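Structure first, then comments.
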Amino acid sequence: MSRRSRSTTGLAGLFAVMGVLHFVQPKPFERIIPKAVPAKKELVYASGVAELVCAAGLLHPRTRRAAGLTSAALLAAVFPANVQMALDVNRKGSTQAKALAFGRLPLQIPLIRAALKASRGTS
């Protein structure tokens with residue numbers, strides 16, 4: 001399990017970038033948290049930390065299995081926020097914004113598959 005696949009490296013990079021963005025620009029992330037969920041800013045920061053931890057864990061062979069499983073769970077956990085974003089954009093966004101917002105929803109599937117692949121250590 002020491003060899004890291006390109007998909008694992010890419011997923012780690014994606015998590016690292018998104019994790020940093022949660023701290024640099026939290027407002028867009030706060031807006032996509034479903035309205036019924038309290039403590040939006042705290043959740044944004046917590047998910048940013050989780051993404052950074054997953055990114056680091058995916059890069060190291062000893063932690064890759066746990067990080068892959070945690071990454072898959074995190075991607076599933078943030079899916080409702082992505083749905084909320086698509087619904088919000090659908091009400092008041094441009095055609096292009098709607099296409100992007102709804103188009104990214106099925107992308108969760110290959111991301112979750114990449115995380116699970118990383119947890120198995122397959123290249």
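Computed over heavy atoms, backbone and side chain alike; hydrogens, waters and symmetry mates excluded. Quick caveat, the model's predicted, so the values are computed rather than measured.
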Any L21 side-chain heavy atom under 4.5 Å of F29 side chain: yes
ILVMFWY network linking L69 to L14, side-chain heavy atoms under 4.5 angstrom: yes
Partner set under salt bridge (Lys or Arg N to Asp or Glu O under 4.0 Å) for R91, not counting sequence neighbours: D88
Heavy-atom side-chain contact between K117 and S5 under 4.5 Å: yes
Any donor-acceptor pair under 3.5 Å from T63 side chain to G57 backbone: yes
Residue pairs involving residues 98-110 (criterion side-chain hydrogen bond (donor to acceptor under 3.5 Å, both in side chains); sequence neighbours excluded): N82-R104, N82-Q108
Pairs involving residues 33-48, ordered by first then second residue, that meet side-chain hydrogen bond (donor to acceptor under 3.5 Å, both in side chains) (sequence neighbours left out): H22-S47
For K92, salt bridge (Lys or Arg N to Asp or Glu O under 4.0 Å) partners two or more places apart: none
ILVMFWY cluster, V44 and L52 together (side-chain gap under 4.5 Å): no
Residue pairs involving residues 52-85 (criterion ring pair (Phe, Tyr, Trp, His ring centres under 6.0 Å); sequence neighbours excluded): none
Closest approach of V49 to F23 (non-hydrogen atoms, all atoms of both residues): CG2-CZ, 3.6 Å
Within-4.5 Å side-chain heavy-atom neighbours: I32 and V78: no
Closest non-hydrogen atom pair, A118 against T8: CB-OG1, 3.3 Å
Residue pairs fulfilling side-chain hydrogen bond (donor to acceptor under 3.5 Å, both in side chains) with at least one residue in residues 66-75, sequence neighbours excluded: none
same_hphob_cluster(L43, L75) at 4.5 Å side-chain heavy-atom cutoff: yes
For the student: nearest non-hydrogen atoms of C54 and L74, plus distance: SG-CD2, 4.2 Å
Closest non-hydrogen atom pair between L58 and F15, with its separation: CD1-CD1, 4.0 Å
Nearest heavy atoms of A12 and L59, plus distance in Å: CB-CD2, 3.6 Å
Verify same cluster id: V17, I112 (apolar side-chain graph, 4.5 Å): yes
Co-membership, hydrophobic cluster, residues I109 and M85, 4.5 Å side-chain: no
Heavy-atom closest pair, residues F102 and L87: CZ-N, 4.4 Å
